[in-house]
Amino acid sequence: MDLKTIKGIGEKKEKILNKLNIFSCEDLIEYYPYSYIDTTKFKKIKEITQEACYSFRLKIVSLLENKKKKNIRVIKFLAMDEQMNYCNIVYFNNIFILKTIKVGFIYEMYGNVKLLNGVVEIQNPTLQGKTKLIGGIIPLYHLACGITNLDIIKATKELLKNNDLLAEKLPEYIINKENLISYKDAIKNIHFPNDRNIFLDAKKRLSFEEFFFFLISMKILKRSEKEAISFKILDETFKFIDSLEFKLTNSQKKVLDEIFKDMKSSKQMNRLLQGDVGCGKTIVAFISIFNAIKNGYQVAFMAPTEILARQHFEYAKKIFEKFDINISLLVGGLKEKEKNKVQQEIKDKKVDLVIGTHALFQEKVIYKNLGLIITDEQHRFGVKQRLLLSKKSKSPDILVMSATPIPRTIGLVMFCDLDISTIDELPNGRQKISTYFVSEKYEKRYINFIKENIYQGRQAYIVCPLVDESDVLELNNVKNLYERLKFEFFKDIDISFIHGKMNPLEKENIMNDFKSGKIKVLISTTVIEVGINVVNANIMLIYNAERFGLSQLHQLRGRVGRGKEKSYCILVSNKTTDIVKKRMDIMTSSCDGFYISQKDFLLRGYGDILGYRQSGEVKFKLIDIQKDYKLLENVKKYVDELLKEDPNLEKEKNKLLKETVFKILKKLNNEIIMN
Ligand code: ADP
Ligand code: MG
């Protein structure tokens, strides 16, 4: 329903609502308040220590100001509460307020409070007289310039009169079984609750629904996956496995079975391969790649950084050497001529395997017969990107690898459109990486420890947060650190530095020198965070460790402990706050990536860790994935049941449900087209 059908909403306000992502009456009615204010409980001016929205009963003492500043009419009153404390009330561009507010009278109002040099200033408060019809508890909505809280309250009130908008969406048996309140009651009470209990009921019902529809949509999306290639699992593939220098772990075999099952099937594979750092995901991917290529198809392997792409490229050349496979590298850093050459080869199918960065999926790259797409360290890419990728060719299988193990409940949400395979054991003979937390005071000691290891033939990484000098934060940065450490400690040792802003060729040379052992110590930003595999390096030293997330520290630590040598991770920080200590304790006491990521999720929230999701991909209005996981699991149960009974939502009783789901999918699809 058109927004303009609402009394009080014209073209101008409609445009502003659009900015808030509200395009229809249905959107508006589900535009939930971010908070509430009890307007019967008045704040004392003295009590205000934080900027927020409050309710007041104030006497207007005088008119302080009435003038135009840069085209904005500013009207300011001095007001006083019962305890004779003063504050300012200011209205912008509201000349009519002078007719409403009279000096000497007492008014009840609520509004946003700013603290300006300690003075309490209430901005554009809404006078209670106007909202009396609403009652004590008033919803607060996120606003945009040109629309007031009262506008939204009034419009929502209008919509609540329309029963068509309030029709039940959830199946009745679920409502009964879960003891949920009706959609109508829930919507009414999420906007205008009379007390806390009914609000909680409303929130529970609407959270349930929000996740319910999200999950069904994702599953339907997955179900609608196109027909794909039915690969044969070839004897040759097992010969390739036998040619490897190690035996696969049982866990690797298990996930490989799962992948092979998908590859054999005529449905598109959409699988997430996860496992702790160093568990050996890469080789599992390469075995799948081998099988796809020997079936006669092309494979694209996408890595998050150029350094990692190059490493995979070298590795592929080595293990595929005897198997007649053509491999190319396609990264941004190549010369235009080289790029064009590779692109032509891809088109002509002179290349079986192309390894690269996102350069792999630019418009110009046309695959002859792409059968499999692998993306490494997938947590950098999201649902949308994946959908885009699979649009590139007919219907390749997709295997994504993530190095941040996702706690089960969060995986349920984040990757509900993927099947998940988990490698849960490390190859034999791995030693625990001893991890220490120290302050910079001990620099001489830990650097000497590094030097001893270097004299015994080992290598080390030193990681710090920034590239350039920053005067705001006193953090170590790559260049300074390099110069200082070189001068103070490593005069006679080959050390170098690397960071993301260097040109690709420089980076490549340095990585090669580190791999070959020419460079003994590599000082770096987090460009080496994921994937890098230099077996001889056995020490990871991290400056300003407090600046990194736990999963990130665990990833960095995973760069060592890859060979037979005893390995160490030294976390340096001068910060000793409780939270830093707590986090470092987790690192020094555990090497279990699943445990660490669980803690990380609890401490930081999932959005930070899976950064890309913040960019608006999966945004819930009411659900908090950490807190609501019981609810999520419950919802999942119902969704699985329902889709088992009616996989394509064809039954009459699920008609309304289907409509809702298709609206959601259409929205997602539109967003993809728009991007
Ligand atoms: P990740 O899962 O972090 O991507 P990698 O795939 O880089 O881990 O593997 C880490 C190291 O373990 C590599 O040097 C790899 O060759 C080695 N590796 C993988 N699988 C096995 C195995 N089954 N036995 C011994 N070493 C293995
Ligand atoms: Mg890896």
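Counting from 1, the numbers follow the sequence of the chain as shown. Both ligands and their constituent atoms are indexed starting at 1 by order of listing.
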Enquirer: List ligand 1 atoms under 4.0 Å from Thr282, heavy atoms only on the residue side.
Expert: 4 (O), 5 (P), 6 (O), 7 (O)
Enquirer: Excluding sequence neighbours, so at least two apart, what forms side-chain hydrogen bond (donor to acceptor under 3.5 Å, both in side chains) with Asp352?
Expert: none
Enquirer: Would you check if the distance from the ring center of Phe301 to the ring center of Phe286 is below 6.0 Å?
Expert: yes
Enquirer: Is any N or O atom of Pro427, backbone or side chain, closer than 3.5 Å to an N or O atom of ligand 1?
Expert: no
Enquirer: As an exercise, identify every atom of ligand 1 less than 4.0 angstrom from a heavy atom of Thr249.
Expert: 23 (N)
Enquirer: With a cut-off of 4.0 Å, which atoms of ligand 1 are near a heavy atom of Leu248?
Expert: 23 (N)
Enquirer: What I want to find out is whether Lys219 reaches Asp640 closely enough, with some N-O distance under 4.0 Å, to be called a salt bridge.
Expert: yes
Enquirer: Mind checking the CG-NZ spacing from Asn326 to Lys317? Nearest 0.5 Å is all I need.
Expert: 12.0 Å
Enquirer: Taking the six-membered ring for Trp, is the centroid-to-centroid distance between Phe320 and Phe240 below 6.0 Å?
Expert: yes
Enquirer: Against heavy atoms of Asn533, which atoms of ligand 1 measure under 4.0 Å?
Expert: 13 (C), 14 (O)
Enquirer: Could you tell me whether some N/O pair between Gly278 and ligand 1 is separated by less than 3.5 angstrom?
Expert: yes
Enquirer: If you count the atoms of ligand 1 from 1 in the order shown, which ones are under 4.0 Å from a heavy atom of Val277?
Expert: 3 (O)
Enquirer: Check each heavy atom of Arg562 against ligand 1 and say whether those closer than 4.0 Å belong to the side chain, the backbone, both or neither.
Expert: side chain
Enquirer: For Tyr297 and Phe231, I'd like to know if the aromatic rings sit close, meaning centre-to-centre distance below 6.0 Å.
Expert: yes
Enquirer: State if Lys247 counts as touching ligand 1 under the rule of any non-hydrogen atom under 4.0 Å.
Expert: yes
Enquirer: Output all residues satisfying side chain to side chain contact (heavy atoms under 4.5 Å, CB included) with Thr588, sequence neighbours left out; order by chain, then residue number.
Expert: Thr435, Phe437, Asp585
